[in-house]
Amino acid sequence: MAAVTLKNVIKRFGVFEIVHGANIDIDDGEFVVFVGPSGCGKSTLLRMIAGLEDISDGEIAIGGKVVNDVEAADRGIAMVFQSYALYPHMTVEQNLSFGLRMTGNPKADTERRVKRASEILRIAELMKRRPRQLSGGQRQRVAIGRAIVREPQVFLFDEPLSNLDAELRVQMRVEISRLHKELGVTMVYVTHDQTEAMTLADRIVVLNAGNIEQIGAPLDLYDDPANRFVAGFVGSPKMNFLAAKVVGTDNSAAIVELVNHRGVRLRKPLSDALPAIGGDVVVGVRPEHFFDAGQGDCDLTLKADVAEHLGSVSYVYANSGTGGGREELIIEREASRHRANGDDLVVSIKADRSLLFDATGARIR
Amino acid sequence: MRYQNATAYRFLAPYLLIFSIFWLWPIIDSFLISFQATRTVPWRFAPTFNWGRLIGDPAFFNALKNTLLILVIQVPVMISLAIVMAVLLNSPLLKARGLFRFAFFAPVVVGEVAYSAVFRLMFNLDYGIINKLLNSIGLPSVDWFTNVTPAMAVIMMAVTWRWAGYNAIILLAGLQSIPEDVYEAATLDRVSKVKQFFYITLPLLKPIIVFCAVLSIIGTMQLFTEPFLITERGGPGGGTETLGLLLYRQGFRSLNFGYASAIAYTMAGLAIAISLVQIWLTREPK
């Protein structure tokens, strides 16, 4: 087991800088998820930790030892690939033991490790099969098994569940979570799926265009995002953003006018410096933070377009209905079977259940 | 449905007609001719005439021995060389990859007569570049075309030069279909590059290697151009005569088509048999 530290890690491909100085401290035994849209540099960051990609600048340490110039195989890590990367011509057993056999590990120890991995992942009955005779989920188990037999200090997962169907993904997510508890090893996990990040992580690192936007516990990111990107990326369905203008301030609050909602005003108490009057701002409201008319601080009148009924809950896709500045919103409602075609819908928002961002996307607290 | 089929066959008819006349019929006819005595006119049906001769003909066994010798030595050497070339072509360290790919493939495009002439010049006793090179490192000149062993070596070198690059390009396509992350997984498993080659690359490339080997076996069984042009009709003294050349000699110089057909069918049968053994030996385990 080992902590992983990234100090000002930069990655350039030619003249293009892909990762702009990443600083991350991953504690021993922690489960950290790198999440972000495709192309944000999360996989590159993981591959740099693995040693499959050189770092252009900065420092990576595993277990307190700087590993910049240490070969991938000597870093004490094991990696699970998105495509599983199993050896197609070998049986499951051979896949698991290949690395150990090639490096002359004692036979008895190899057998012990393979047996242990097969028991942990419940794949003992698959040992004589080849990868092509396995389902996607089984292949992923074998890939994880191959990582387990290395008995690494750090597990690295590169979008391991992307190739699985939705049901299997949920199942494997639970398995990986169980595995983390069982092994207690540091795990670094890359995904573009924020649900995976929220459910698996002790801490999430949100990346965007090569920058770390925020690092924090899943619910901290959800409740208290540092900026508009994190607010929009974490949570499903995503947060609604309402265009607004600061029309006034008092002692400790800004009065903002929701410009696409017939000038409805909201008084938003703030603890930081107040924004300038006349400035453009954005009000963020999560789908579940819309209340019945009159229950909040200001009411919005919307037209409901479509309703999705998921059984336990319904999502209404509505719009602000005013010509040019038409704004699309997603609103969570209690489960209903109402069809919602063009119906009027009045909802209410509360100042303490909404977030304020400035024009650059930075949070105004 | 039946009407649709009929329409389809009407469209296929021109091709089928040409195929039947110029492919199917010659194949059948030559098989029938192999059972006829064709040394004198009129030809007559004599089932054991050619096939019986084949079994006891020293010229046939000489040609068979030469062909199999080339097959056993040249094909493995060429395939091994092609694998090495393919791996080098696939290396990320290689610059001007397109140029090398073309260069390796170019011998196939060069005319057979031209390349044969160049090989004859290169291996010329007195002013060939090969002997000059041998002399320059203190070795004596070799009389490449008047002794059987050197003449055989020239044939094998020529065929290898001509086809190794071709096979390398096919193998390269196979190499490129092996996913990169399999190698990355092996690297993380602390498996050395050499072991990766023997335990991952070669096994995964096996179907392509078998394909190349079968193609080469078929090609070598039919070998004709090189012994005809480079060693002047299988010289010295039939020392490099192959089955293809014997077939030509019997069919088009002695005009003994029956015997030539029997040789042709023997060549085809051998090529199929050897290829099947090859495929069986290298089959995927269940």
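Naming convention: chains lettered A, B, ... in sequence-line order (proteins, then strands); numbering from 1 in each chain.
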Validation row: Tyr87(A), Asp189(B) side chains within 4.5 angstrom (heavy atoms) | yes
With a cut-off of 6.0 Å (strictly less than), are more than 12 heavy atoms of other residues, nucleotides or ligands near [atom1] of [X]?
X: Tyr183(B); atom1: OH; value: yes
X: Phe13(A); atom1: CZ; value: yes
X: Phe102(B); atom1: CZ; value: no
X: Phe224(B); atom1: CZ; value: yes

Minimal non-hydrogen separation, Pro203(B) against His89(A), with atom names |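 The pair with the smallest heavy-atom distance is CB-CD2, 3.3 Å.
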Identify the heavy atoms of Ala185(B) and Ala85(A) that sit nearest to each other, and give their distance.
-> CB-O, 4.0 Å
What parts of residues 97-119 of chain A touch chain B if we use heavy atoms and a cut-off under 4.5 Å?
->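 So far as heavy atoms go, Phe98(A), Gly99(A), Met102(A), Thr103(A) are the residues that approach chain B to under 4.5 Å.
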Listed by number, the residues in residues 74-81 of chain A that come under 4.5 Å of chain B (heavy atom to heavy atom) are Asp74(A), Ile77(A), Met79(A), Phe81(A)
Spacing of Thr187(B) atom OG1 and Glu71(A) atom CD [to the nearest 0.5 Å] |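 It is 9.0 Å, given to the nearest 0.5 Å.
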How long is the gap from CG on Leu188(B) to CZ on Arg150(A), to the nearest 0.5 Å?
->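 So the gap between those two atoms works out to 6.0 Å.
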Whatever's closer than 4.5 Å to a heavy atom in chain A on Tyr199(B) counts as both
Phe119(B): what forms a ring pair (Phe, Tyr, Trp, His ring centres under 6.0 Å) with it, not counting sequence neighbours?
-> Tyr115(B), Phe123(B), Trp161(B)
Side-chain donor-acceptor pairs of residues 35-51 of chain A under 3.5 Å, sequence neighbours excluded:
{"from": "Lys42(A)", "atom 1": "NZ", "to": "Gly36(A)", "atom 2": "O", "distance (Å)": "3.1"}
{"from": "Lys42(A)", "atom 1": "NZ", "to": "Pro37(A)", "atom 2": "O", "distance (Å)": "3.4"}
{"from": "Ser43(A)", "atom 1": "OG", "to": "Asp158(A)", "atom 2": "OD1", "distance (Å)": "2.9"}
{"from": "Arg47(A)", "atom 1": "NE", "to": "Glu53(A)", "atom 2": "OE1", "distance (Å)": "3.2"}
{"from": "Arg47(A)", "atom 1": "NH1", "to": "Glu184(B)", "atom 2": "OE1", "distance (Å)": "2.8"}
{"from": "Arg47(A)", "atom 1": "NH1", "to": "Glu184(B)", "atom 2": "OE2", "distance (Å)": "3.2"}
{"from": "Arg47(A)", "atom 1": "NH2", "to": "Glu184(B)", "atom 2": "OE2", "distance (Å)": "2.5"}

